[in-house]
Each structure stands twice: as structure tokens, then as C-alpha cells.
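Predicted, not measured: the structure shown is a model, and the values here were computed from it. Convention: sequence-line order gives letters A, B, ...; per-chain numbering from 1.
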Amino acid sequence: MKQTTAQVISEHSRDLLLNHKGLIFGQCLTAVGWVGGTIPELTEDEGLIELSMADVAGGSIAVGAALSGRRVIYVVRYQGFMWYNAASIVNYAAKSKEMWGIPCPIMVRGIGMDGSIGPVASGAHHSLVARMPGIAVAAPMSGQEWSSVFHWWMANDDPIYVSESRKSFEVIGEMSDLVINDADVVLVGIGPARISVTEAVKQLNSLGVRTSSFGLVWLRPLQLSKALLGSVRNAQLTLIVESDYESCSVAATVANRLWEIADGHVSLLGLDDRTAGFSRESDNTTPTHESIIRYILSFLDGSIATRQ
Amino acid sequence: MRPIRTRISEGCYRNQFQRQLEHDEVVAIWRQWMFNFGFELATARAVREKRIYVPTYLSFGSEHVPVSLFRVLGNYHLFAQHRAHSYFLSRGGSPESLRDELLGLSSGCTGGRGGSASIHAPDAQMWGHSGLMGDQVPIAVGYCQASGNKTLAVMGDASAEEDFVLAALGYAATKNLPILFLCEDNDFSILTPVQTRRSWNLTTVARAFGLSAFDICDDPSEIIGAAETLSNQLPALINVHIARGGWHAGAGSDGPPEWNRISMFEDEYSGVVGRETLKEIRTEEIERARRIWEQS
């Protein structure tokens with residue numbers, strides 16, 4: 001039976017603690033739900049360490065633990081809390097090897113949420129981390145992707161930020177790319193936006209709009225597959241869909257790279273440039289498949305300005 | 001010399017931990033202290049001559065604090081921040097590599113990247129500092145918890161105000177970790193005094209968290225006594241009152257310090273070691289440090 005992404009994360013975490021002397025730090029790890037079923041039900045003696053609710057200190061404590069040579073997973077309950085937690089992660093863990101030759105192998109699991117979760121906790125914030133040197137950034141959605149990220153981390157001594165989404169925890173099986181020859185439209189999804197992209201690409205193809213779709217897992221260093229680059233080259237439109245803000249973002253960096261090779265138009269669709277409220281009317285969520293389809297149809301009928 | 005201010009006479013409980021130092025101990029402390037002092041004199045000269053162009057945090061007035069601490073805490077893993085030259089030297093870091101670091105050379109202890117503020121000495125279990133004031137405290141706490149090693153986290157009275165430092169003190173108490181926090185309290189954040197910045201006292205706050213915590217004066221015998229006592233009561237905090245001997249950064253000063261611990265120590269221990277002996281050691285060590293700089 002295929003596992004959910006949450007089950008895969010939990011199993012790797014259990015293996016880290018029981019067989020590799022690893023540690024997991026976080027707030028409310030052992031609360032109801034065990035972080036969406038991603039945390040194995042172990043004890044502090046086995047390496048599962050409950051921190052106090054001090055977000056800035058907590059990140060720094062986890063960084064210090066990783067300096068000891070033990071592998072540390074640090075769970076950040078909402079990606080938006082990275083604005084508090086990032087201090088030592090990007091300023092110490094990410095710099096330690098370059099500055100002092102001392103690796104700091106910490107994995108930060110930033111868990112994104114969407115929908116009625118308010119101005120700080122909403123959305124993905126991996127672009128905050130990705131602008132700093134010395135730290136890898138990945139956004140796996142499937143169990144296999146998370147597993148490959150984990151194995152990379154275990155084989156290397158660099159810190160990594162794993163941009164997760166609660167929506168990924170229930171994903172079963174893989175989220176494959178869809179490559180259509182001579183596609184007019186290429187959709188590139190990052191994080192939970194890939195769920196919207198998957199639905200949009202189905203409907204667009206059924207409408208006769210030849211559309212390929214790709215998911216990006218490795219955001220820093222950025223990995224763009226040959227199939228993606230080949231598809232973008234000939235497409236009329238490449239749209240990068242993201243769960244983070246567009247401004248100064250990973251998505252903007254991807255778009256910039258793709259502009260260099262694309263004959264057609266390259267654009268972004270991320271969070272609106274405003275703060276998320278709690279009500280449905282004021283919320284600011286990952287683009288839906290409907291909004292993606294609307295954007296593409298508007299482009300194709302000429303109502304969106306294109307590259308000159 | 002100006003009289004010692006009320007902050008030390010009222011707040012340091014001078015005789016809580018103090019014990020008489022023996023002849024050999026006095027000599028050993030004085031020798032390393034004077035080397036640290038001589039190193040800083042030579043460093044200050046290099047700053048004035050513009051051979052050092054990075055912000056430089058000299059430890060005038062506190063050169064003896066690490067010397068005293070490491071009489072007791074020699075096996076502790078050390079996390080410090082800026083103004084740590086004397087920690088580096090007292091811990092056994094190579095003075096030539098510190099000199100080269102300050103000169104921005106690749107042969108420096110941190111390859112020229114660390115400057116004065118971000119030095120480290122991996123062979124001596126001294127960890128580097130990022131430059132974010134106070135972050136060494138929670139990092140030291142995490143390191144201590146994961147490694148189980150006895151750990152010394154050094155901060156200043158300004159760093160102690162960082163919210164994450166206070167949270168780290170509380171966490172260390174909660175987890176009952178083998179860590180000693182040492183605050184070098186020179187009463188200033190650059191030039192803003194403590195009483196302008198806060199109404200609370202660090203040791204009172206630390207005690208409220210459940211730490212053993214004391215204010216002490218910077219007499220080496222008091223520091224040693226406090227370290228001996230509190231190393232058996234970890235986690236613990238020592239707030240040692242010192243008189244900064246120069247500017248926050250750079251080689252200048254605004255006049256004599258609030259008190260001069262060097263001359264106080266000479267007066268106190270001349271009867272144990274002999275004033276001439278102390279003077280000879282002082283001359284030897286300052287000269288040794290000067291020669292190291294001369295070779296650069």
C-alpha cells in the first residue's frame with residue numbers, strides 16, 4: 001500500500017532518531033496530531049525535544065545542537081514563523097562551514113498552511129531563506145520527493161530548508177510532470193501550488209489548450225530539468241505558479257532563468273501583494289486551478305500584454 | 001584613578017567567593033594576563049597605524065576575566081562574541097593566527113573572514129560568532145544539550161538584553177543543562193549605560209528562571225571562587241562587573257577607566273609574589289606580545 005507523505009516523513013524521522021543519534025526540536029511536537037502525523041511518537045530520551053515557545057531562541061538552540069555534529073531536524077509550525085526563527089539558521093548555520101569550516105547539518109521543516117490562518121502563518125516563505133548563501137532549499141510534495149531530499153541531507157553536511165505544506169501530508173504516490181509535445185502552455189508549480197497546477201493542466205488539455213506541467217523540488221540550488229527547458233523554449237506561455245509572494249521570490253528567479261531561453265512569454269502567479277486576513281473575503285491563498293485557467297485563457301485571447 | 005563607582009561597591013558582594021591565591025597561581029594568572037594586555041597594546045598600535053582596518057574590539061579592562069575563568073573551566077567548550085581576543089589567547093589559541101586574522105590574512109585563525117568579532121579556535125573548543133549580538137547564548141545552550149559537554153557562554157551586559165538570550169537562560173534551567181553563563185558587565189552598550197536601558201537586573205532574572213546567579217567584582221580571586229562554586233551548581237550565571245578600558249571599538253579611550261584592576265592586583269599580591277617579580281613578568285610578557293606583532 002502506498003504511503004502518504006506524512007508517513008514517509010515520520011518513518012525517516014524515526015530512523016534518524018533511533019539509528020543515527022539524530023535529534024528533532026520543535027514546539028508542541030507531541031501535541032494532538034504529532035504535527036500532522038509527521039513526527040514519530042518517541043520520547044525526549046530518544047531525541048524528540050520539546051522547545052519552549054520562544055521562536056527566535058528555539059531556532060538558535062537547534063542550530064547549536066547541529067554544531068555538535070548530530071543531525072538535527074527543526075520543525076517550524078508555520079512557514080511565516082521563519083521570519084522570527086530564521087536569525088541563527090541563515091546567519092549561523094548557513095555561514096558556519098564557510099566562515100569557520102564547521103558544518104552545521106540542520107534540516108529546517110517549515111510547514112506552510114493556506115486558508116483562514118491569518119497575516120503571519122499563511123503561505124510559503126521559502127524565498128526568505130533562498131536568498132542567503134550556504135543553505136539548500138527544497139519544496140517536496142510527494143513522499144518520494146521528501147525521501148530524496150532527506151537522503152541528500154544525510155549524505156551532505158549542509159543545512160537545508162524544507163518548504164513543506166500541510167496539503168502535502170495527505171499526498172499519496174507521486175506527482176509526476178506532464179510533458180506534451182509542442183505544448184502551447186507550460187505550467188511550473190512550486191510547493192502546494194502544484195496541486196492547483198495538476199488540476200488546471202487537466203482542464204486546460206480537455207479544453208484543447210496543449211499544456212505541459214512541471215514541479216520544482218530543488219529551489220536552491222535551482223534544478224531545472226532538460227524536459228522543462230525544452231518545453232519552455234517552444235511554448236507561447238510559461239507560467240510559474242507559487243505559494244509565496246511574487247516579489248523578490250524564488251519564482252521570480254525561475255522566471256528570469258526561463259526568460260533567457262524562452263521564445264514566448266514567461267510570467268508568475270503567486271500570492272497577491274497584500275496581507276492575508278482570516279476571513280474568506282480577505283484571505284490570500286495559493287492560486288487556485290480556476291485562477292490559473294483564467295490567467296491562461298486571458299493570455300491566449302490577447303488580453304494580457306506579452307513580450308515585445 | 002577615579003574611585004570605584006557605586007555599581008561595584010553596592011552590587012558585587014565582594015567577599016562571597018574570594019579566596020587567597022597562592023604564589024604559583026598568582027604568577028600563572030599574571031603572566032597570561034600581561035600577555036593578553038600586551039597583545040592588546042600591540043593591536044591598538046596596529047589599529048592606530050591603520051594596519052588593521054576592520055572594527056576592532058579590544059579587551060582592555062577584561063583581559064584577566066578569561067584567565068581567571070579558565071583556571072577552573074579549562075575543559076569547558078566556549079561560545080563568546082566580539083571582544084574575545086583575551087578568551088582566544090587564554091584558551092590557548094595561537095597569537096600569531098589571531099594577529100594574522102586581525103590583519104585580514106588568510107593565515108588568520110578564521111582565514112581572514114572573522115576579523116576581530118568572529119574569531120574561533122577549533123583546537124581549543126572555542127566556537128565562532130556570527131556577529132548577531134547574543135546569538136552565541138542560545139547556540140551554546142543547544143550545543144550543550146546535544147553534546148553533553150560542559151559549556152561556557154560569554155555575553156556582555158547589552159547582549160543579555162536580547163530576548164533570545166533570556167529565553168535561552170530559561171530553557172537551560174528547564175533542561176537542567178551543564179552550562180555556565182558569564183556576563184561581562186561593563187555597564188555600557190557602546191556608551192549607553194545599563195540604567196538607561198533597563199530597570200531589571202540580570203542575576204535577579206536568572207534566579208527567577210531557576211539558575212544559580214551572582215553579581216561579582218572582577219578580582220581574579222573572586223572570579224575563580226565563583227567559577228569553582230558555580231561549576232558544581234550548573235546551570236548558573238555570573239555577572240562580573242568590569243571597567244572597560246577603551247572605546248567600544250577601536251583604539252581610543254575617553255580617559256582612565258572606572259577602576260584599574262591591574263594596579264589593584266599588583267597592590268594586592270605584591271606581598272605574595274613581590275612587586276619586582278610582578279614587574280618583570282609584566283615587562284617580559286608585554287615584550288613577548290610586541291615581538292609577535294613585530295614579526296608581522
Inset, instruction - Kindly determine whether B:Trp127 and A:Ser96 satisfy side chain to side chain contact (heavy atoms under 4.5 Å, CB included), including the steps that lead there. - result: CA-CA 10 Å; B:Trp127 301 77; A:Ser96 182; over 6 Å; no
Inset, instruction - Please indicate whether A:Asp273 has more than 12 foreign heavy atoms, meaning atoms of other residues, nucleotides or ligands, lying under 6.0 Å from its CG. - result: no
Inset, instruction - Side chain from CB out, backbone as N, CA, C, O: work out which of these in A:Leu67 comes under 4.5 Å of a heavy atom of chain B, or both, or neither. - result: both
Legend entry - Exam field: side chain A:Tyr92 to backbone B:Ile139, donor-acceptor pair closer than 3.5 Å: no
Inset, instruction - Report, as yes or no, whether the 6.0 Å neighbourhood of atom CZ on A:Arg131 holds more than 12 heavy atoms from other residues, nucleotides or ligands. - result: no
Legend entry - Interchain contact, A:Ile49 with chain B, by part (heavy-atom threshold 4.5 Å): side chain
Inset, instruction - Sort out for me which of A:Ser68, A:Gly64, A:Ala54 touches chain B most, counting heavy-atom pairs under 4.5 Å. - result: A:Gly64
Inset, instruction - Output the option from B:Thr110, B:Val141, B:Asp135 having the highest count of non-hydrogen pairs under 4.5 Å with chain A. - result: B:Thr110
Inset, instruction - Heavy atoms only, distances under 4.5 angstrom: which of B:Gly114, B:Cys144, B:Ala146 has the most pairs with chain A? Name it, please. - result: B:Ala146
Inset, instruction - Could you have a look at B:Cys109, B:Ser147, B:Gly148, B:Gly128 and say which one has the most heavy-atom pairs with chain A under 4.5 angstrom? - result: B:Gly128
Inset, instruction - May I ask you to check whether over 12 heavy atoms, not counting those of A:Gln144, lie within 6.0 Å of atom CD? - result: no
Legend entry - Segment of A:Glu44 engaging chain B (4.5 angstrom heavy-atom cut-off): side chain
Inset, instruction - Inspect the surroundings of CH2 in A:Trp152 and state if more than 12 heavy atoms from other residues, nucleotides or ligands are less than 6.0 Å away. - result: yes
Inset, instruction - Mind ranking A:Leu23, A:Val63, A:Leu51 by heavy-atom pairs under 4.5 Å with chain B and telling me who comes out on top? - result: A:Leu51
Legend entry - Gap separating the OG atom of A:Ser60 from the CG atom of B:Leu132, nearest 0.5 angstrom: 7.5 Å
Inset, instruction - Check whether B:His129 gets within reach of chain A through its side chain, its backbone, both or neither, counting any heavy atom under 4.5 Å. - result: backbone
Inset, instruction - Mind checking the OG-CE spacing from B:Ser118 to A:Met99? Nearest 0.5 Å is all I need. - result: 4.5 Å
Inset, instruction - Please say whether more than 12 non-hydrogen atoms of neighbouring residues, nucleotides or ligands are located less than 6.0 Å from CZ in A:Arg257. - result: no
Legend entry - For B:Ser130 against A:Asn91, the heavy-atom pair lying closest together: CB-O, 3.4 Å
Legend entry - Other residues, nucleotides, ligands: >12 heavy atoms within 6.0 Å of A:Gln223 CD: yes
Inset, instruction - Work out which heavy atom in B:Pro138 is nearest to a heavy atom in A:Ala57; give both atom names and the distance. - result: CB-O, 3.9 Å
Inset, instruction - Enter the distance from A:Glu50:CD to B:Thr174:OG1 here, rounded to the nearest 0.5 Å. - result: 12.5 Å
Inset, instruction - Considering only heavy atoms and a distance below 4.5 Å, find which of B:Lys175, B:Glu162, B:Gln136 pairs most often with chain A. - result: B:Lys175
Legend entry - B:Phe209, CZ atom: more than 12 neighbouring heavy atoms under 6.0 Å: yes
Inset, instruction - Check the pair B:Gln145 / A:Phe25 against side chain to side chain contact (heavy atoms under 4.5 Å, CB included), numbers first and verdict last. - result: CA-CA 11 Å; B:Gln145 184 176 21; A:Phe25 286 82; 3.4 Å; yes
